[in-house]
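To keep things clear, I will list the structure first and then write my remarks on it.
Scope of the values below: all heavy atoms of this structure, side chains included, with no hydrogens, waters or symmetry mates.
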Amino acid sequence: MPPPSTVTFVDPDAVLADLDADQLAAVTTESQLVAVIAGAGSGKTRVLTRRIAHRIATGSAEARHTLALTFTREAAGEIRKRLHRLGLRERVEAGTFHSVMLGVLKQRWTDTEQRPLTIVSDRRRVVGDALDSSDQRALSAIVAEIDWASARAITPDAYASAARRAHRRPGPSIDQVAASYAAYEKLKRRRGVIDFDDVLSHTIRDLRRDSDFADALRWRFRHLLVDEAQDLNPLQHQLVDLLRAQRDDLFLVGDPAQAIFGFNGADPGLLIDVETRFPGVEIVRLPVNHRCTPQIVGTGVHVLRATGQPNPLVSHRGDGAAVELSAADDETDEAAVAVKYVLGSDPNLVRSGQIAILTRTRKQLAAFDTALSRAGLPVRRSATAAGSPLQNAVRQAAANGSPSRLRGWAHDIVDAPNPPVDPDADPEWRVANAVLNFLRENTRGDGAEFRAWVATTNPFDDANTDGIELLTFHAAKGREWNTVIVTGVESGLMPHKSATTAATKAEEGRLLYVAVTRATDRLLLTRAGRRGGYTRTISPFTADLDAAELTPAAPPPPRRRAATDPLITSLREWRDTSARKVGALPTQFCSDRDLAAIADHRPSTSEELAEATSFGILTASRLADQILPLVESAKSVQTETSTITGA
């Protein structure tokens with residue numbers, strides 16, 4: 001019998017109680033091969049965690065065999081916290097691709113008595129060591145190309161031809177990059193080190209070469225879930241394919257409209273072409289945004305439409321404040337406009353960290369930082385900014401190369417006989433606790449890995465919540481604020497001047513969409529008439545945006561019908577009975593929109609039912625035996641009525 005702390009008390013009814021109809025379909029579908037296309041603010045993380053909890057509670061999955069792959073440790077931590085709140089006490093493996101597979105590799109090295117390889121967290125330094133002095137000026141460009149190639153599992157020998165096919169134009173020549181890439185790989189082998197991308201490629205190589213290892217890993221991770229699937233790169237695609245082989249127990253969640261990391265090798269094609277890549281997959285769409293006002297959702301959808309990417313996202317919230325547009329003279333005046341807007345906002349929003357200013361590039365941030373500080377407005381800065389006491393303490397911790405030294409350093413501080421009077425004000429004590437938290441997830445993590453973990457998770461910023469946040473569009477992904485000022489919505493920045501192809505311009509549109517939908521209640525879009533001394537024009541993404549004409553994008557109400565409509569009456573009775581069986585509200589089990597659609601289209605097959613509703617083909621097939629007889633019965637009644645009337 002498992003110890004009390006690991007016993008799961010998940011109430012299946014509670015797991016489903018607050019889901020809308022689309023979310024409910026995603027969580028409860030009997031299919032094990034599912035792709036959820038989750039629009040911004042539609043409850044992506046909620047669906048992912050409820051899916052895990054529901055399957056475990058109903059016995060169709062086991063916690064110890066469940067793996068949820070994410071792109072940040074913060075996202076993995078949020079998944080674990082939500083599962084715990086749902087009553088799940090058994091361990092579910094949740095982590096980033098690299099952290100989970102690094103643990104797998106380290107255990108494999110131990111089991112097979114192989115010499116462990118050292119993980120290099122800073123690829124740039126090793127690449128620099130591999131270059132001739134004449135190539136040092138091109139270091140950044142070469143590292144960027146190696147990043148691009150590694151994410152696509154392209155070897156040095158294949159780089160040149162692949163780069164030419166992709167129309168890559170690195171600063172140095174393609175042949176020069178290929179030679180540098182080969183030198184980098186050779187130096188890694190000589191030193192016995194690997195980088196983070198190698199963690200995945202080594203795992204993939206071993207899965208293909210060793211069938212026993214592959215079978216064991218698939219048995220261990222037999223229920224696979226992938227968060228933010230639109231951000232998968234080809235290397236990660238390969239890993240997912242190998243892990244799901246022979247079982248197809250896979251749950252993908254993502255939004256192609258939020259694919260904004262193409263420069264890092266991300267390929268949203270996995271979700272865009274999901275039906276081709278995964279024959280038989282059930283697709284569930286979450287088109288209802290629960291976070292933003294209709295005006296904000298309407299702005300985001302307008303941006304996507306302007307870039308040839310129509311999107312069905314609608315808002316579930318009531319009417320909100322109009323989106324505001326502001327044209328400033330130059331970048332200095334634009335910063336002043338932002339300050340004026342903040343000063344006119346609720347002071348409580350400033351104090352609670354509920355206002356953000358977002359920019360396309362880091363270079364733009366300085367002007368807003370200066371203007372806010374001069375106005376006496378607090379700016380939220382990273383607790384580990386350069387020269388800060390916390391950064392110095394992080395540097396001390398990172399100097400401890402081995403896991404044992406790192407753990408010893410932390411315990412020397414945390415277990416000291418005279419703890420600080422105010423631990424939260426003591427940088428070393430805070431960092432030491434962060435080290436121990438890090439080592440709970442990464443038992444073999446060293447100082448360099450800890451430093452990389454700090455950089456990606458910001459573990460010390462949770463206590464620093466006051467002030468205006470300044471971030472780039474990319475850094476804002478996954479965040480939300482009550483009020484957001486999206487700046488630089490002009491030519492040269494949106495789309496960025498570096499976006500010269502149709503694909504990169506489309507990604508720029510998605511990037512602006514992501515920035516816009518970070519706001520829940522209030523949104524201001526600003527632009528400058530001149531920037532850096534050059535004339536700018538309004539972004540083509542918003543050129544014909546009339547904020548005053550943005551109508552609430554709430555889901556359309558069902559068509560008005562006579563109260564005696566026999567089909568509507570029958571459908572509501574069926575919905576009420578079915579909802580009671582699963583402990584859900586009737587509208588959560590099947591929305592009024594879907595009931596109205598069934599009554600409108602009168603489907604006679606499961607395919608027609610799927611086409612008319614948001615059910616998805618598998619859900620429609622499962623419900624067809626319950627719904628179609630009601631439709632047929634209503635048709636019979638209508639025919640009899642027509643015959644009598646005609647007589």
query: Where the side chain of Q258 meets the backbone of D255, is there a donor-acceptor pair that is under 3.5 Å apart?
result: no
query: Given the rule in the side-chain contact (heavy atoms from CB on, under 4.5 Å) test, do V27 and R46 qualify, once you have shown the distances and angles that lead to the verdict?
result: CA-CA 9 Å; V27 170; R46 168 177 289 195; over 6 Å; no
- prompt: Donor-acceptor pair, H601 side chain versus P603 backbone, under 3.5 Å?
  reply: no
- prompt: Would one find more than 12 heavy atoms of other residues, nucleotides or ligands at under 6.0 Å from atom CZ of R205?
  reply: yes
task: Spell out, as yes or no, whether a donor-acceptor pair under 3.5 Å connects the side chain of R305 to the backbone of P310.
output: no
message: Quick one: does any side-chain atom of T49 pair with a main-chain N or O of R82 as donor and acceptor, under 3.5 Å?
response: no
task: For the residue pair V177 and R168, establish whether any side-chain heavy-atom pair is separated by less than 4.5 Å.
output: no
- request: Could you walk me through whether F251 and H223 pass the ring-ring contact (aromatic ring centres under 6.0 Å, His included) test, one step at a time?
  value: CA-CA 8 Å; F251 190 80; H223 315 300; over 10 Å; no
- prompt: Do the rings of Y159 and W148 sit parallel, tilted or perpendicular, given the 30° and 60° boundaries?
  reply: perpendicular
field: From CA spacing to verdict: side-chain contact (heavy atoms from CB on, under 4.5 Å), R277, H237
entry: CA-CA 11 Å; R277 292 214 37 172; H237 285 190; 3.3 Å; yes
Beyond-backbone contact of V297 with T517, side-chain heavy atoms, under 4.5 angstrom: no
message: Looking at I142, is its backbone amide N or carbonyl O close enough to the side chain of E145 to form a donor-acceptor pair, meaning the two atoms are under 3.5 Å apart?
response: no
task: Of all the heavy-atom pairs spanning S150 and L235, show the shortest one and how long it is.
output: O-CD2, 3.7 Å
message: Looking at E508 and K505, is there a salt bridge between them, counting it only when a charged N and a carboxylate O are closer than 4.0 Å?
response: no
message: Does any part of the side chain of Q238, heavy atoms only, come nearer than 4.5 Å to the side chain of L200, both counted from C-beta?
response: no
field: CD/E275: more than 12 non-hydrogen atoms of other groups inside 6.0 Å
entry: no
message: Under a 3.5 Å distance rule, please check whether S539 uses its side chain to pair with a backbone N or O of M494 as donor and acceptor.
response: yes
- prompt: Is R527 salt-bridged to E490, cutoff N-O under 4.0 Å?
  reply: no
query: Is a side-chain N or O of S60 found less than 3.5 angstrom from the main chain of I56, in a donor-acceptor match?
result: no
message: Under a plain distance cut-off of 3.5 Å, with no hydrogens placed, do D231 and Q236 share a side-chain donor-acceptor pair?
response: no
message: Quick one: does any side-chain atom of T96 pair with a main-chain N or O of S99 as donor and acceptor, under 3.5 Å?
response: yes
message: With a 3.5 Å distance limit and no angle check, can you tell me whether T307 reaches the backbone of V303 through a side-chain donor-acceptor pair?
response: yes
task: Fit a plane to each ring of H65 and W219, take the angle between them on a 0 to 90° scale, and name the class: parallel (under 30°), tilted (30 to 60°) or perpendicular (over 60°).
output: perpendicular
message: Measuring only between side-chain heavy atoms, which start at C-beta, is R50 closer than 4.5 Å to D18?
response: yes
message: Between K44 and D227, does any NZ, NE, NH1 or NH2 come within less than 4.0 Å of an OD or OE carboxylate oxygen?
response: yes
field: Under 3.5 Å: donor-acceptor pair, side chain of R218, backbone of L242
entry: yes
query: Looking at residues at least two apart in the chain, or sitting in another chain, which of them share a side-chain contact (heavy atoms from CB on, under 4.5 Å) with T520?
result: R291, R317, E480, N482
message: Is the distance between the ring centroids of H302 and F541 under 6.0 Å?
response: no
- prompt: Is there a side-chain contact between R360 and T472, using heavy atoms and a 4.5 Å cut-off?
  reply: no
- prompt: Can you tell if the side chain of R51 reaches within under 4.5 Å of the side chain of V253, non-hydrogen atoms only?
  reply: no
- prompt: Less than 4.0 Å between a side-chain N and a carboxylate O, is that true for R55 and E62?
  reply: no
query: Under 3.5 Å, is there a donor-acceptor pair linking the side chains of T537 and S491?
result: yes
- prompt: Hey, are E608 and R602 close enough for a salt bridge, meaning a charged N less than 4.0 Å from a carboxylate O?
  reply: no
task: Taking the side chain as every heavy atom from C-beta outward, state whether D195 and I119 have any pair of such atoms under 4.5 Å apart.
output: no
task: Determine the interplanar angle of the F71 and F97 rings, folded into 0 to 90°, and report it as parallel if under 30°, tilted if 30 to 60°, perpendicular if over 60°.
output: tilted
message: For the CZ atom on R169, are there more than 12 heavy atoms of other groups (residues, nucleotides or ligands in this structure) within a distance under 6.0 Å?
response: no
